[in-house]
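It should be emphasised that the depicted structure is a prediction, and the values quoted were computed from it without experimental measurement. In what follows, chains are A, B, ... by sequence order, proteins preceding strands, each numbered from 1.
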Amino acid sequence: MNLQVRAGEMVGLLGHNGCGKSTFMRIVATLLKASAGDCFVYGSNVKTEGDAVRHHVGFFSHVPGLYDDLSARENLAFAATMLGFPEADIDAALERVGLTHVTNERVRGFSAGMQRRLSLARLILQRPRLLLLDEPYNNLDVAGIALMNGFIRELNAAGGAAVVVLHDLVPAQGVIDRTVTIKEGRVVVPTADDLRHDGASPQAITLPAGAAGIS
Amino acid sequence: MNLQVRAGEMVGLLGHNGCGKSTFMRIVATLLKASAGDCFVYGSNVKTEGDAVRHHVGFFSHVPGLYDDLSARENLAFAATMLGFPEADIDAALERVGLTHVTNERVRGFSAGMQRRLSLARLILQRPRLLLLDEPYNNLDVAGIALMNGFIRELNAAGGAAVVVLHDLVPAQGVIDRTVTIKEGRVVVPTADDLRHDGASPQAITLPAGAAGIS
Amino acid sequence: MSPAPASSFAPPKPTPVWLGWLTFAFFIFTQIYAVVTSPADAMMGHLQKMMYVHVPAAWVTFAAFGVVLVASLFFLWKDDERADLLAASAAEVGSMFCGLTLVLGMLWGRPTWGVWWSWDARLTSTLVLFLIFVGYLALRSFVEDPHRRGQWSAAVGILGAINVPIVWMSVKWWRTLHQIQSNPRGLSPEYLRGLLLNVAAFTLLTVWFIWKRYEAARLERAAEHASQAAALGGYNG
Amino acid sequence: MAFRDDVRRIRAIVWKDLTTERRSKAGFNSVASLGVTILVLFGFALGPDAQALRDAAAGALWLAVLFAGVLAFNRSYQVELDGGALEALLLYPGARWAIFAGKLIANLIFVTAMLVIVVAVGIVLFQVRVPEQWPTLLGIMMLGVVGIVALGTFYAAMSSRSRAREVLLPLLLYPMLIPVLLASMEATKAFLNGDLLNASGAWVQMLSLFDVIFLVATFLAFEYVIEV
Amino acid sequence: MAFRDDVRRIRAIVWKDLTTERRSKAGFNSVASLGVTILVLFGFALGPDAQALRDAAAGALWLAVLFAGVLAFNRSYQVELDGGALEALLLYPGARWAIFAGKLIANLIFVTAMLVIVVAVGIVLFQVRVPEQWPTLLGIMMLGVVGIVALGTFYAAMSSRSRAREVLLPLLLYPMLIPVLLASMEATKAFLNGDLLNASGAWVQMLSLFDVIFLVATFLAFEYVIEV
Ligand code: HEM
Ligand SMILES: Nc1ncnc2c1ncn2[C@@H]1O[C@H](COP(=O)(O)OP(=O)(O)OP(=O)(O)O)[C@@H](O)[C@H]1O
Ligand SMILES: Nc1ncnc2c1ncn2[C@@H]1O[C@H](COP(=O)(O)OP(=O)(O)OP(=O)(O)O)[C@@H](O)[C@H]1O
Ligand SMILES: [Mg+2]
Ligand SMILES: [Mg+2]
């Protein structure tokens, strides 16, 4: 499975249920080890240089990854400390995702969409260079989708790359540069331009440093 | 909050994140007790006649409601016994949702979309007269969405009613008769025809038997 | 369909079964030989003959858990799945022999000490060792992901193997009812010959069991790999 | 008619619970091993004195069964909570007490099997002399098991849906079970000391009484704790 | 520099763990109450004989701390698993041992607080004479707590992420902890009997040895068990 993403490029990842999209994202995020093949993020191998990769990657998964018993603000403050970023931006991030009215409320009572928004706020704090979004529009209302798209465009403008898992292209219109489809464990290329196919060893590909390369 | 759904009618329920859509659905499904207001399903009060209501209602929630250690087939067999339906239809249901290749595999390894499909198969077995779908298109690929819509249309033709929580109307095109929006705890009516507003007591409404009434 | 991920997981060629029968025959022979040649003990009488099963069983237990230790360390170091499977096989066989040691020891203890069990250091530490590896096997069965399973059980296996020297030394560190290690030279030759032969037979048996389990485990893993690949391959598998 | 349906449902739940338990490899094996491990811990805590061990044997046996059993009770609802299966279970039409009956029976089978193993090991480890009428003893022990399982299954239904269920269940259950435990321990102890049903008779009566109370109360109250 | 970052991360994790523990209504309170309840159960199991109680006091205290502590260890990762927080935690850059250190410290604080309560109650319930040098006794007990918490926090990292974590954690932990428990019990017992560090000396040495082994081994191995 070969896929190369350039800096500043937003790639949509399609594929039918159970084809391995989430698994793929988790491998790139260093949360799973691929049994074969290599994957490089800005020149670092996800298998062996996990820590370097984690400096670049922001992952928005199926699950919110929040602490139910901390408030929205405390959750972000914890994330900021762990990421090594100043806590100053927290209120701005909360405002941006429209959660100021529940800043000090515990996440336990949040609805599915509110939790997704808070996860988004964490990504906003982090401003990763490679964004991995797994069905990011689930549970988000129209305003939420607009927020998400705004954030993606912003990162894009700053030269970040993104891979977005999607089933429905409509909400992502205007932010996705191109789409690829996973089929039977391979990338099927709708637009063949950007991809180097490596017939001999389809599981391994090395990419130039400076780009987010995923093979 | 007033909402009345007629037999054979499919209503889409919209509303921003956290406005109470899931809560509303769980109340109708007898999984939560409303603190105020009444709700009738085919003439039975959800608060006091839970068992009667449960005979009519099929609920497709955010979570799949499956046993990870049973196979797809065993899950459906259990559901069939509990529902009091013959087990004969199981294979047909599995085939319909495209899971024949994993009939005897444990649900534990299923992807998000495959689990949603299996939940759908359970609804297909049940053929409820009132269908409650909470963001049913989440995790489903294009084929899965088509399956879901086909099932809704079929129930519709058989005179069943449905309430569908949605954020995105596109996948539901052609199956939803009308939409209502929840805003600040009230139903905002896009097309006022079908709704009886009861200004004096906005939380209580009694509906004619024979229809799926939800107030 | 993606190609089979790790070619190292072509299932191994099965070892011929007659090797197993040979091992087993040797074991029967050494048992009979030892029982026939050794005279009745002055104190224990013919009960002494329990030694020919109890003591070798205990020793191969230690050896098997030693294999667990080495294979686990190797797995963490080289990340070679085969080492994990070897550790698992050795742990299974070791637990079996540990259980055998316990049961045989209890059967022996009843007539000689008058009790099935006593809370002395050798007996209890052996029981604890057994329980630790029961936990190890339970851990393996509760974890689905193979890589994770390998790393976790390696950690547990290494920590568990710490207890082998404790069992060994327990008779020295604490005063116990149980026999302390005897010097081979202190044992009269007619007992020693039978014992050593049986130790050899038990060792062969252990190697055979571990190897068979290992082969089976590799077949299981190859199947797991195949089904994983099929799952990632999608509907048409 | 409706009753036949309920019986079918109960059977389905028992089958489902025991199957998932069996499938979740080593589910039973590990709970039983844990029971044995706890017995060993008690042995260490009580020290090597044989008489002290024998005196405490009845108490240790019952506590080991209880501590390991609590895990089984929690597991039996955990299965329902993973992936929201409980929600689906509650949505099926039919009487809710059938759900309780199914879980109760499955847990009874489970805990009885564990009790047999724990008692067998305990007899060896604690150097207990097996009395002649051991079938009667097993019968008495079953009375204790019924009490523990009835209350355990019931409280697990509540605690499983709260956070911190691992803490909440024993916290609710242990104090409530003290009469049952005490009666079981005393009856067992009297019996092991060769009392031949004289001193243990009163305890057995007390045990039966508690069993009946607990069964009736939990069946009546289950509807309320499981709902909503 | 990097080390300073790690210290900051450790502090954040300790704060977060203790805060969620405090917030999750009655987290600490219920675990401590459970410890006391278990003590009471032991009291019943051992019967009313005062001397028997006193002899078994040290063992009962440690088992109560252990049985209640295990719940705390599992909870400390459960918090991470609800809603996939562990995934997020693992995605933060920085050394993974900092995560272990944070959880270890939080658990140490938690279990120590519980120990104090359990011991205080136990002294009353088991009619133990408090020795003059009780601060030394507390010090010895802390050694025991370190061993229990190090291994418990470590194994909980695994078991909490497997199915059947409630069963797996004690099954792995109890047998491995037996040397630590035995040493703690014996040292405590010797001390309570007014031994004044003579007989308990060897046990304290053994305890310290095990603490060091466990701490080193778990810190080294944590990277492997948390990864993936
Ligand atoms: C459950 C009860 C018992 C257990 C768990 C047990 C365990 C062990 C173990 C682990 C060893 C191997 C370690 C070593 O060689 O030092 C061993 C060796 C031995 N055991 Fe046992 N044992 C038990 C009962 C007995 C009894 C009842 C006897 C005889 C009266 C006995 C006699 C021996 C002898 C003679 C050795 C060989 C020691 C040597 O020469 O090195 N054991 N036992
Ligand atoms: N367990 C709970 N305890 C307290 N309040 C809750 C709980 N669950 C939800 N709420 C509150 O109820 C409100 C409605 O939540 P609900 O999940 O119904 O929203 P929703 O409309 O489904 O949103 P979404 O589109 O994000 O799924 C939210 O504001 C939330 O704060
Ligand atoms: N824990 C697991 N153990 C074994 N197999 C798994 C596991 N999780 C997923 N799989 C398998 O991996 C395949 C890919 O799953 P994945 O979740 O990546 O699919 P997906 O493309 O994200 O699907 P969806 O669109 O439904 O979310 C599935 O076929 C599934 O059977
Ligand atoms: Mg997915
Ligand atoms: Mg919702």
Side-chain angles (χ1 to χ4, degrees), chain A residues 22 25-35 44 46-71 74-85 87 105-108 110 112 115-116 118-119 122-123 125-126 128 130 132 134, chain E residues 1-30 75-103 106 110 160-161 222-228:
Chain A
S22 302
M25 301 291 261
R26 292 171 59 81
I27 289 174
V28 180
T30 76
L31 289 171
L32 266 183
K33 282 231 161 87
S35 49
S44 309
V46 295
K47 233 182 197 167
T48 54
E49 298 158 297
D51 200 31
V53 171
R54 286 191 287 272
H55 269 104
H56 301 304
V57 169
F59 182 34
F60 191 78
S61 76
H62 284 307
V63 289
L66 303 166
Y67 295 103
D68 284 349
D69 278 313
L70 299 183
S71 69
E74 287 167 336
N75 262 297
L76 287 189
F78 179 71
T81 315
M82 294 304 285
L83 289 164
F85 290 127
E87 295 196 14
E105 264 169 51
R106 295 200 205 164
V107 169
R108 185 171 302 283
F110 285 17
Q115 297 199 9
R116 308 271 300 176
L118 190 52
S119 302
R122 184 169 47 194
L123 280 186
L125 278 183
Q126 190 188 354
L130 172 63
L132 302 171
D134 197 351
Chain E
M1 214 47 233
F3 183 69
R4 260 249 230 58
D5 278 355
D6 282 333
V7 171
R8 220 188 40 237
R9 289 204 181 92
I10 294 173
R11 248 202 349 251
I13 293 174
V14 173
W15 171 84
K16 189 260 304 164
D17 271 15
L18 292 178
T19 310
T20 47
E21 202 51 70
R22 201 158 39 75
R23 295 264 176 87
S24 68
K25 288 175 210 153
F28 175 74
N29 295 352
S30 31
R75 277 173 59 77
S76 100
Y77 289 94
Q78 188 53 37
V79 176
E80 306 292 344
L81 293 173
D82 293 339
L86 185 66
E87 206 164 82
L89 192 62
L90 290 177
L91 276 174
Y92 296 123
R96 255 91 192 258
W97 64 260
I99 299 176
F100 184 63
K103 297 229 157 265
F110 190 96
S160 62
R161 289 195 285 157
F222 186 71
E223 186 92 16
Y224 293 104
V225 306
I226 200 71
E227 196 176 71
V228 192

Counting heavy-atom pairs under 4.5 angstrom with chain E, the leader among Leu83(A), Val107(A), Val57(A) is Leu83(A)
If one checks every heavy atom of Leu89(E) against chain A at 4.5 Å, the contacting part turns out to be side chain
Ranked by heavy-atom pairs below 4.5 Å to chain E, first place among Met82(A), Arg122(A), Gln115(A) goes to Met82(A)
Donor-acceptor contact below 3.5 Å, side chain Asp51(A) vs main chain Pro93(E)
no
Could you check whether Arg26(A) pairs with Glu87(E) (Lys NZ or Arg NE/NH1/NH2 to Asp/Glu carboxylate O, under 4.0 Å)?
yes
Tightest non-hydrogen contact, residues Gly84(A) and Arg8(E), listed as CA-NH2, 3.4 Å
query: Could you go step by step and tell me if Asp69(A) and Val79(E) meet the side-chain contact (heavy atoms from CB on, under 4.5 Å) rule?
result: CA-CA 9 Å; Asp69(A) 278 313; Val79(E) 176; over 6 Å; no
Between the NZ atom in Lys16(E) and the OG1 atom in Thr81(A), the distance rounded to the nearest 0.5 Å is 12.0 Å
dist Tyr67(A):OH -> Thr19(E):OG1 (nearest 0.5 Å) comes out at 11.5 Å
**Message:** Side chains of Arg23(E) and Leu70(A), heavy atoms from C-beta outward: is any pair under 4.5 Å?
**Reply:** yes
So, the part of Ala77(A) with a heavy atom under 4.5 Å from chain E: the answer is neither
Separation between CG (Leu91(E)) and CG (Leu132(A)), nearest 0.5 Å, reads 9.0 Å
Separation between OG1 (Thr20(E)) and CG (Asp68(A)), nearest 0.5 Å, reads 10.0 Å
Would you say the side chain of Tyr92(E) lies within less than 4.5 Å of the side chain of Gln126(A), judging by non-hydrogen atoms? no
For Gly65(A) and Ala88(E), the nearest pair of non-hydrogen atoms, with its separation, is O-CB, 3.8 Å
Turns out that what part of Leu66(A) lies under 4.5 Å from chain E's heavy atoms comes down to backbone
